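Predicted, not measured: the structure shown is a model, and the values here were computed from it. In what follows, every heavy atom counts, from backbone to side chain, and hydrogens, waters and symmetry copies are set aside.
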There are 2 protein chains.
Amino acid sequence: MPKDETQEKEPRERILEAAATLFSTKGYAAVGVREIAELANVNVAMISYYFSGKAGILKEIVLRYFDSIKAIYDKVLAENYPPETKLRKIVDELVELMKNKTIFCKVAITEMPFDLPEFADFKAEVARRHVEYIKLGLKVFEIFPENQKFSSIITPAALSLIFSHFLFYPIIPKVWQIEIDDEYYDLYSKTISTLLLDGLNGVMKQFINNKIEDGK
Amino acid sequence: MPKDETQEKEPRERILEAAATLFSTKGYAAVGVREIAELANVNVAMISYYFSGKAGILKEIVLRYFDSIKAIYDKVLAENYPPETKLRKIVDELVELMKNKTIFCKVAITEMPFDLPEFADFKAEVARRHVEYIKLGLKVFEIFPENQKFSSIITPAALSLIFSHFLFYPIIPKVWQIEIDDEYYDLYSKTISTLLLDGLNGVMKQFINNKIEDGK
DNA sequence: GCTTTAATCAAACGATTGTTTAACTATTTT
DNA sequence: AAAATAGTTAAACAATCGTTTGATTAAAGC
């Protein structure tokens with residue numbers, strides 16, 4: 001059997017994929033650089049060489065994730081559909097993204113809740129860059145365009161709703177005896193879309209009622 | 001100023017709270033035992049003495065979280081309300097739980113997606129113990145009592161929806177300029193309840209339609 | 001008051017952490 | 001072909017990891 005190393009991806013990409021795989025199952029902090037290097041089939045020093053440190057890998061993973069999100073966002077918003085259709089398309093695209101880039105998405109999402117000093121500036125910058133986008137989106141979808149509190153509740157709710165499957169992933173096959181295939185993800189996408197859209201409709205009604213009660 | 005050490009909680013509890021605080025912000029794997037001991041104002045050896053290791057702390061945190069969930073579950077299920085009211089009460093109680101035990105809940109939830117070897121058996125056991133409960137709940141709430149796939153989608157969706165605020169917590173104040181107080185949590189609880197209930201109603205309709213399409 | 005048990009401590013354990021160094025090979029550039 | 005750059009390596013770096021040891025103090029049992 002000839003060595004297929006020539007057909008292997010470049011070292012930098014191998015490191016990124018190996019790291020994403022390990023981060024997604026064990027979490028960023030629980031993974032050592034030697035473990036990554038071994039899985040990527042490179043020398044440990046290559047991590048600092050290409051990413052100037054372990055933290056650099058996570059930063060690139062998170063950036064790639066946000067770029068994917070942005071691409072979906074731009075694509076759907078450019079189309080000329082009614083708000084509800086746009087929202088359903090967004091959900092479909094996000095589920096599709098997670099199917100194709102599962103480990104990258106899972107890493108970006110599961111590391112969000114944590115506040116490590118070495119990522120403080122990075123996170124602030126990433127958050128800043130995406131604020132306008134989130135707000136623009138809420139305006140396009142015609143969801144509480146002017147209410148800060150509702151936005152701060154709805155946006156995380158929608159995102160964690162869409163990604164819920166991946167947050168609970170290692171638990172799900174242990175609890176329910178189901179086969180997770182393309183058919184399952186179709187049902188998943190459709191169900192989450194409906195849950196989100198019908199739910200948002202209800203919240204909109206509640207929002208309007210609250211306004212009336214407040215005498216506005 | 002006299003030393004108030006006598007009024008301090010017992011060492012074991014201090015360790016638990018210090019660890020929960022640190023785990024919730026930095027994640028389990030990123031926190032060292034010396035950091036915990038320092039914050040708890042105890043000697044490092046006390047961690048192994050009381051919890052037989054760092055992993056023991058996380059196990060107790062997770063167990064306490066599940067006990068709280070179970071208590072809420074038992075309480076609401078024992079009451080005689082229609083399914084929708086029960087579900088809304090569950091959400092209210094869960095939000096209340098998160099307000100009072102924020103760091104414990106956040107730790108239990110944020111560590112769920114990870115699979116560390118030292119917790120493999122523990123997680124399997126915890127999952128096993130709660131399968132019957134989840135299934136019983138879906139039956140009581142009259143939500144797809146017999147459909148495995150829908151259950152496996154809806155249950156994680158509902159949970160991550162309810163807990164979404166805490167998953168995104170460090171991000172939220174950076175993106176939206178809002179004051180997070182009791183009033184905010186009231187709105188949060190009401191909004192999430194509506195989103196979930198109206199969303200579930202929509203999914204139920206979809207479920208019934210699918211059955212008809214399948215010719216059942 | 002003696003003995004036993006529980007609790008706490010500083011110190012050291014070996015293992016592992018992320019990163020850097022300096023030598024080396026391979027590839028480009030000139 | 002010579003020089004320069006890029007890529008890769010094993011080894012060592014200091015720092016930190018979680019845990020254990022053995023001594024010491026405090027509390028409880030009799």
- Decide yes or no for B:Glu93 and B:Val76: does some side-chain heavy atom of the first lie under 4.5 Å from some side-chain heavy atom of the second? yes

Using the ring pair (Phe, Tyr, Trp, His ring centres under 6.0 Å) rule, take A:Phe104 and A:Tyr65 through it: C-alpha gap first, then chi angles, then the decisive distance, then the call. CA-CA 7 Å; A:Phe104 281 81; A:Tyr65 163 78; 9.9 Å; no

Between A:Ile172 and A:Ile178, does the side chain to side chain contact (heavy atoms under 4.5 Å, CB included) criterion hold? Intermediate values first, please.
CA-CA 9 Å; A:Ile172 291 172; A:Ile178 48 167; 4.0 Å; yes

Q.
Does any part of the side chain of A:Phe119, heavy atoms only, come nearer than 4.5 Å to the side chain of A:Val62, both counted from C-beta?
A. no

When you check the gap from the basic side-chain N to the acidic O, do B:Arg64 and B:Glu60 get nearer than 4.0 Å? yes

task = Spell out, as yes or no, whether a donor-acceptor pair under 3.5 Å connects the side chain of A:Glu111 to the backbone of A:Tyr28.
result = yes

Taking every heavy atom of A:Ala157 against every heavy atom of B:Ile192, the minimum-distance pair comes out as CB-CD1, 4.0 Å

In short, the helix from C:dG1-D:dC30 to C:dT30-D:dA1 is bent end to end, axes from five pairs each side, to 10°, by 10°

Collect all protein-nucleotide pairs involving nucleotides 8-10 of chain D in which both atoms are nitrogen or oxygen and the distance is under 3.5 Å.
| residue | atom | partner | partner atom | Å |
| --- | --- | --- | --- | --- |
| D:dT8 | OP2 | A:Tyr50 | OH | 2.7 |
| D:dT9 | OP2 | A:Asn43 | N | 3.3 |
| D:dA10 | OP2 | A:Asn43 | ND2 | 3.2 |
| D:dA10 | N7 | A:Asn43 | ND2 | 3.4 |

Here the distance between atom P of C:dC9 and atom CD1 of B:Ile15, to the nearest Å, is 10 Å

Is the side chain of B:Lys123 donor-acceptor paired with the backbone N or O of B:Met112 at a distance under 3.5 Å, no angle test? yes

Contact check, residues 17-31 of chain A vs DNA chain D, heavy-atom distance under 4.0 Å, returns none

On a heavy-atom basis, the closest approach of A:Ala37 and A:Ile47 is N-CD1, 4.2 Å

request  = Kindly say whether B:Ala20 contributes a backbone atom to a donor-acceptor pair with the side chain of B:Ser24 at under 3.5 angstrom?
outcome  = yes

Rounded to whole Å, CD of B:Glu38 lies from P of D:dG18 at a distance of 14 Å

Within residues 51-61 of chain B, the residues having a heavy atom closer than 4.0 Å to DNA chain C are none

Between B:Ser48 and A:Val44, whichever has its closest DNA chain D nucleotide further toward 5' is A:Val44

Contacts of B:Phe166 meeting side chain to side chain contact (heavy atoms under 4.5 Å, CB included) (sequence neighbours excluded), chain-then-number -> B:Met98, B:Thr102, B:Tyr185

Rounded to whole Å, CG of B:Leu116 lies from C1' of D:dG18 at a distance of 14 Å

Taken to the nearest whole Å, CZ/B:Arg34 to P/D:dT20 is 13 Å

Practice task
Classify the side-chain pair A:Ser152/B:Tyr184 by whether it contains a donor and acceptor separated by less than 3.5 Å.
Solution key: yes

Between CD of B:Glu10 and C1' of C:dA7 the distance, given in whole Å, is 11 Å

Can you find a heavy atom in the side chain of A:Phe51 that is under 4.5 Å from one in the side chain of A:Ile15?
yes

Distances for protein N/O vs nucleotides 26-28 of chain C N/O pairs under 3.5 angstrom?
none

- Query: Any luck finding a side-chain donor-acceptor pair between B:Ser189 and B:Asp92 under 3.5 Å?
  - Reply: yes

Quick one: does any side-chain atom of A:Lys106 pair with a main-chain N or O of B:Pro113 as donor and acceptor, under 3.5 Å? yes

B:Tyr188 side chain to B:His165 main-chain N or O, any donor-acceptor pair under 3.5 Å?
yes

Whole-Å distance, B:Glu118 CD to D:dC17 C1', equals 13 Å

